[in-house]
There are 2 protein chains.
Amino acid sequence: MTLIDRSSLHAEVVARLRTAIVDGELSPGSRINERELCERFGVSRTPLREALKVMASEGLVLLLPNRGARVATLTRADIEDTFTVMACLEALSGELACAHITEEQIAELRALHYEMLAHHARRDLQAYYRLNERIHHMILTASNNPVLIATHAGLALRIRRARYVADMPRDWWDQAVREHEQILDALVRRDGAAIAVLLRRHLERKIDIMADSTGMAPSDADAAKTSSAA
Amino acid sequence: MTLIDRSSLHAEVVARLRTAIVDGELSPGSRINERELCERFGVSRTPLREALKVMASEGLVLLLPNRGARVATLTRADIEDTFTVMACLEALSGELACAHITEEQIAELRALHYEMLAHHARRDLQAYYRLNERIHHMILTASNNPVLIATHAGLALRIRRARYVADMPRDWWDQAVREHEQILDALVRRDGAAIAVLLRRHLERKIDIMADSTGMAPSDADAAKTSSAA
DNA sequence: AAGGTGAATTTTGAATTCAAAATCGACGAT
DNA sequence: ATCGTCGATTTTGAATTCAAAATTCACCTT
């Protein structure tokens with residue numbers, strides 16, 4: 001593992017710690033050993049601790065006073081609650097995008113949509129996810145509301161671990177693609193009310209798929225109990 | 001100024017720094033001198049710097065690498081964008097609250113509403129604001145979605161400085177009170193769709209009042225230039 | 001006199017140090 | 001043999017120290 005660029009150490013450490021957590025390199029609920037992470041990143045404890053505090057305020061890390069840090073766990077309720085809020089935010093983004101999006105952006109969005117259709121046809125789930133993400137993000141961007149974009153990004157980060165699940169029922173996937181077509185159509189018609197409804201339903205339908213899938217921790221409290229065995 | 005409790009220094013410093021910024025004790029755009037603040041809080045630079053980094057991730061502070069920290073300024077666009085998102089979140093909270101709120105909570109909400117009416121009748125703006133805030137927060141709480149509550153709180157914090165303005169046009173105030181009555185009514189009827197529309201409109205109407213009022217900084221960039229003017 | 005140059009000072013960023021709290025482990029009592 | 005207690009070790013929290021960057025300001029040049 002390469003050592004960190006010394007010029008903006010704090011930001012680098014935050015970024016790498018975030019990546020490590022979001023990518024599951026540091027498993028949910030696991031204890032974070034400061035000394036160990038320092039060695040791994042090649043930095044002293046000061047910037048690492050600063051990073052931990054930032055991550056805690058982002059909700060990716062749990063800080064137990066005098067007892068160290070722990071990677072935050074996601075309960076099923078956390079995921080559902082987060083997605084409910086994200087669905088609402090994306091609905092708003094679509095609504096705003098209808099008012100602000102340019103013809104060029106719509107053209108690009110259509111291109112991305114066809115690319116996504118290609119991945120769907122090939123059953124390439126990973127590639128599909130990537131395009132899907134780019135499309136949603138492009139609508140967010142077209143909302144022209146930086147606060148909305150940042151708020152969404154903050155929430156997306158926390159559930160990223162759970163968002164992209166391996167098993168997606170075939171019929172669900174087909175339906176999602178159809179929904180995307182309707183969403184694009186509403187955008188072209190600049191029908192804000194319609195796209196808001198479509199986006200929200202689209203996202204809320206995803207909740208069940210996600211939460212059902214991978215083994216979720218029962219809760220932060222329970223995880224803390226079992227791990228420290230205190 | 002009392003020195004800080006030494007048991008949870010970092011959290012205390014974050015809380016006090018946040019209060020200082022939100023209450024306008026530290027004026028927007030002004031430079032933050034670490035040494036000076038350390039003396040004021042009676043702590044060393046380490047916990048203060050940790051707090052600054054957390055505040056930066058919250059958006060209350062701007063960190064210029066190697067050039068210190070600055071209290072974030074609010075542009076009119078920031079306020080409008082933030083309120084647009086908050087309006088959407090509160091609409092969702094009302095919708096969810098319709099499904100979860102108990103009869104007892106509705107009774108309490110009605111009591112708060114009458115208290116607020118009293119303050120409105122007396123033209124006691126400060127007291128009105130406090131009640132208004134409690135009512136909105138109670139609906140948020142009744143949504144039973146901690147993520148939604150936390151997200152809303154994070155945004156509310158940033159614009160708190162601008163939210164409660166001194167001059168509120170009489171007709172606007174009267175209208176706001178009428179809207180509150182409709183909102184309460186929708187809640188009683190458990191009409192989620194209606195309350196969502198009402199709450200969103202209610203909040204969005206507030207945007208104009210707020211942004212028009214107090215002297216807003218033109219932008220962060222401009223404010224940085226005229227730095228020492230604070 | 002105006003503008004630029006460079007050393008002194010201040011301020012920031014990060015490592016180190018120091019103290020307190022928690023964890024671990026051995027020993028002894030029941 | 002198990003539980004509890006006391007001391008050693010580790011880990012955390014915060015102050016201090018050290019180095020690098022930026023700012024200030026006197027001085028020099030034109």
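Here the structure is a predicted model, which is why all the values come from computation and not from measurement. Convention: sequence-line order gives letters A, B, ...; per-chain numbering from 1.
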Review point. Which listed nucleotide (dA15(D), dT16(C), dT11(C)) is nearest to the side chain of R31(B)?
Key: dT11(C)
Practice item. Using the salt bridge (Lys or Arg N to Asp or Glu O under 4.0 Å) rule, take R76(B) and E80(B) through it: C-alpha gap first, then chi angles, then the decisive distance, then the call. Key: CA-CA 6 Å; R76(B) 188 191 161 107; E80(B) 288 178 0; 2.8 Å; yes
Check your understanding: Which part of the nucleic acid, if any, lies within reach of I32(B) when heavy atoms closer than 4.0 Å are counted: base, sugar-phosphate only, or nothing?
Key -> sugar-phosphate
**Study point:** R67(B) vs dA20(D): side-chain N/O to OP1/OP2 distance below 4.0 Å
**Key:** no
Review point. E50(B) near the nucleic acid: base, sugar-phosphate alone, or nothing, with a heavy-atom cut-off under 4.0 Å?
Key: nothing
Point to revise | R45(B) side chain near dA15(C) phosphate (N/O to OP1/OP2, under 4.0 Å) | key: no
Point to revise | Side-chain ion pair, E36(A) and R40(A), N-O less than 4.0 Å | key: no
Practice item. For a side-chain hydrogen bond (donor to acceptor under 3.5 Å, both in side chains) with E90(A), tell me which candidate from H202(A), H136(A), R200(A) qualifies. Key: H136(A)
Practice item. Determine, for E58(A) against R160(A), whether the closest basic-nitrogen to carboxylate-oxygen distance falls under 4.0 angstrom. Key: no
Check your understanding: Is any side-chain nitrogen or oxygen of N33(B) closer than 4.0 Å to OP1 or OP2 of dT11(C)?
Key -> yes
**Study point:** No-H, no-angle donor-acceptor pair, T46(A) side chain to dA15(C) base, under 3.5 Å
**Key:** yes
Exercise for review: Name the nucleic acid region contacted by R35(B), choosing base, sugar-phosphate or nothing; use a 4.0 angstrom heavy-atom cut-off, strictly under.
Suggested key: sugar-phosphate
